[in-house]
Every structure is written in C-alpha cells, then in structure tokens.
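Note that the structure is a prediction, hence the values are computed from the model and not measured. Below, chain A is the first sequence line, B the second, and so on; all start at residue 1.
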2 protein chains.
Amino acid sequence: MHYQLIQNISKHVQLSPEEKSLFDTFWTEKTLDKGDYLLRNGEVCKNDNYIISGALKAFYINSDKGKEEILYFSIDDWWATDILSFQKQRPSIYNIQALEETRLLQISYQSFQKMLAEIPKLERYFRIILEAYLGSLQQRIIVGNTYDAAYRYSAFLKDYPKIAQKVPQYLIASYLGISPEFISRIRKK
Amino acid sequence: MHYQLIQNISKHVQLSPEEKSLFDTFWTEKTLDKGDYLLRNGEVCKNDNYIISGALKAFYINSDKGKEEILYFSIDDWWATDILSFQKQRPSIYNIQALEETRLLQISYQSFQKMLAEIPKLERYFRIILEAYLGSLQQRIIVGNTYDAAYRYSAFLKDYPKIAQKVPQYLIASYLGISPEFISRIRKK
DNA sequence: TGTAAAAATTGACCTAGTTCAATAAAGATT
DNA sequence: AATCTTTATTGAACTAGGTCAATTTTTACA
C-alpha cells in the first residue's frame, strides 16, 4: 500500500478501507536518478506525480537569454506536475528535473479520471490542495512585489528549511528572482 | 435568470434546463458603488462573487510602509473572492474594493456547499477555473522574475486591454511591481 | 463651468541589485 | 589522494528602477 500518499489525503478527506485499497490500485511507483527529466517543455504532462522522497526543480527556459528560471521546487509529500498541461493534456511550457534520486507515485491522465469517477470524494481533496497552492502563489507574488531581496531570502529559509538544505543556493536565487552573487552578499551578514 | 454566469459555466460543463433553473436559485445580485469594500483584511470572505459588470481591485497592505500592493484586478465575467478565506471560512489577508460601480452575483458559503451537493458536476467547473487561474499565477511569477519593467508593462497592455482601459496607471504599476513614475517613463517611448 | 481632488509627468539624485571576470571552496569521481 | 566539476565568494564597474518633490494634466462633481 502507498501509505504516504493515503496518509496525506486522509488529512483532508476520509477514505474507507475499501476505498483505500481501490485508490491504491491506480498508482505506480517510479524512481528517477539525479538529472532525469520528469517533464520537458513542449511535451504533454502525462502523469500526476506525487513525491515520496527526493527533490525536483520546475523551471522555465527564458527564450532570449537561454537562462533557466526556477518556477518551484518539489520535495517529499508534494506534487510535481504541470497541472494545466496534465488536465488539458496539452504541451507544457516548462521542465521538471530531478535534483537528486527521487521516488514518485504516478497516475496517468486516464486513470486519474477513472479514479475520480470511482471515488468522487477525491475531487474535494484535489480542490483543497489546489486552493492551498493557489494561496501560496498569491503570497509569493505579494512578497516578490513588496519586500527586498534580503527579506525574501530569509523568509524562504524560514518557510522552506528542508528545501534550503537540499537545493544549491544559486537555484534558490533564481526562484526568488535574485542573482546568485547577490544572495552570496546577503549571506555575508 | 442569471444568464451571464450560466453561459460562462456552459463553456466548461453542460447543464440541463432543470439544473440551470436550480442553479439560478442559489445566487443573488448585488451592486457596489465606487469605493465600496467587498472584503476587508481580517474579515472572513463570506461569499463567492462573480462580476457581471464593473471592476474591482484586490490589494494587500504592506505593514511597514503602509502602502497598498495590488494582488489582482477583476472585471466582468471573472471572480472576486479570496478563495482561501472563502473555502476555509477564516480571515482574509487582503482587501477587495470596487473601482467603479459594480454588479455582482453572490453565493454564501452554505449555499455554495449545498449547490455543489445538488449539482455535483459543478465541482468540475470550479476545478477547471481554479486550474486556469493557477496557470496564470505561475505565468505571472515567471514573467515577473524574468523580464524587465517595460516588457512586463507592454505584456500587460496586450493581455488585459480591458483592464488597462479602466484602471489608473499607478495601480497597474503596483500590480506589476513597478513605481508609478517609472511606468510614466516607460510610456514616453 | 469652476474648483477641488486624483492621476500622471518630469527632473535630479540615489541605491538595490546586476553583470562580468577572477578566485576560492566544496563535492564528486576515479 | 589527485583531479575534475559544480558551487560559492569577492571586487569593481554599472544600470534598472526607486524616491522625493514639484508641476501639469485629467477627472469628478458641487
């Protein structure tokens, strides 16, 4: 049984033992090595991916400068899916790549639809996590437009200590919209 | 009948005539004058609000400088609701205020739950629009971290011509994380 | 239609953060 | 342990954009 995901879901909706077993049948486990891509810009995001352990970066390639811009990081007990691409089954505009060995649970688009049809109360779970993510994006926009780089960096360390541990500084800089050199200067204090 | 909202929903899920009539009973119309608040920071967002006509701004008050930071604008055929506050019925961290006379359709939290229970296919509609909004927020973060002020301003004019028409420049500046003076300099070219 | 208030513009100066290039430190690999 | 690669740091010069204060333009409305 894929207890880790089931436990996460149980925080938001209650599943009966039968539902849990049924739920379980839809998901398969996959392991990525460091550097492996889960999704490439231009491809359709075929699976919804739940992270059991490991870390990934989602990034967008700036077409002029060719530089990568971090959209988000994903670690244990969170998702690494381009939701728009997955739900509409149309090409993604960004990439998702493993920063270290990563274990995932995956479900295909077809299975996902079938699962929702058979266990409708999961609609609620997915709506709730979507809303939470949406709230965090709004928060990020506010903070990005309001506070200076030093504040944003220290807020990141406070909010995401686990990510800060795993992820190189220059990628955190990119996530925050700061240059790697400037992050280094912030740290000097 | 509240055709405008029903038409919007019909783009994503099909409702029978009976469902449409039932749907209709849950919503009530409300008019705001220019300057009226729909939601204040600290209050619970009691209703989901669909805009028939008019314009609103959602903004966050920066606690140090006391300045307002625009989180988003909402005009005809879109929503003006703090989703996190509405869904969890807990205090909002931002404000929503009318920029001009605005007509809304409203539904209370209780009615919203009841409506979803009676017309479950609406779950799908709300998930779809949530996903679309989420995609636009991700896009906004990428653009904000990647491009300079002039590009962001011209992209805004292109993407939201109707909003650009209605909303004062200095608020658009705030939305984009730019000073009003600098927007004015950008325009000189 | 005149007056007040709100919004936009302009100039002068300033600074937070960038860029580039070189160096140092840390991690990974044989 | 030595070497290669990836990250991080530092310095120096620069610039995108901010701030402040004054002025003009536009809009609202009595």
A.B. asks: What is the distance, rounded to the nearest whole Å, between atom CD of A/E69 and atom P of C/dT18?
C.D. replies: 11 Å

A.B. asks: In whole Å, I'd like the distance from the CD atom of B/E101 to the P atom of D/dC29.
C.D. replies: 12 Å

A.B. asks: Please answer whether the main-chain N or O of B/A80 pairs with a side-chain N or O of B/N49 as donor and acceptor at a distance below 3.5 Å.
C.D. replies: yes

A.B. asks: Provide, to the nearest angstrom, the distance between the NZ atom belonging to B/K57 and the C1' atom belonging to C/dA6.
C.D. replies: 12 Å

A.B. asks: B/E118 side chain to B/M115 main-chain N or O, any donor-acceptor pair under 3.5 Å?
C.D. replies: no

A.B. asks: Expressed as a whole number of angstroms, how long is the span from A/E68:CD to D/dT7:C1'?
C.D. replies: 14 Å

A.B. asks: Picking from A/F23, A/F86, A/Y50, what satisfies ring-ring contact (aromatic ring centres under 6.0 Å, His included) with A/F112?
C.D. replies: A/F86

A.B. asks: Run the side chain to side chain donor-acceptor pair (under 3.5 Å) check on B/Q169 and B/Y153 step by step: do they pass?
C.D. replies: CA-CA 10 Å; B/Q169 237 182 90; B/Y153 180 59; 5.1 Å; no

A.B. asks: In residues 176-189 of chain A, what residues come within less than 4.0 Å of DNA chain D, judged by heavy atoms?
C.D. replies: A/E181, A/S184, A/R185, A/R187, A/K188

A.B. asks: Quick check: does any side chain N or O of A/T81 sit under 3.5 Å from a backbone N or O of A/I83, one acting as donor and the other as acceptor?
C.D. replies: no

A.B. asks: With distance as the sole test, does B/Q97 use its side chain to make a donor-acceptor pair with the main-chain N or O of B/G35 at under 3.5 Å?
C.D. replies: yes

A.B. asks: Would you check, one step at a time, whether the test ring pair (Phe, Tyr, Trp, His ring centres under 6.0 Å) holds for A/Y160 with A/F73?
C.D. replies: CA-CA 10 Å; A/Y160 305 107; A/F73 301 109; 8.8 Å; no

A.B. asks: Could you state the atom-to-atom distance from OH of B/Y170 to P of C/dT9 in whole Å?
C.D. replies: 14 Å

A.B. asks: In whole angstrom, what separates A/Q165's CD from C/dG27's P?
C.D. replies: 13 Å

A.B. asks: For D/dT9, take OP1 and OP2 only and decide whether either is under 4.0 Å from a side-chain N or O of A/Q169.
C.D. replies: yes

A.B. asks: Quick check: do B/F26 and B/H2 have side-chain heavy atoms less than 4.5 Å from each other?
C.D. replies: no

A.B. asks: Tell me which residues in residues 141-154 of chain B lie within less than 4.0 Å of DNA chain D, going by non-hydrogen atoms.
C.D. replies: B/D148, B/A149

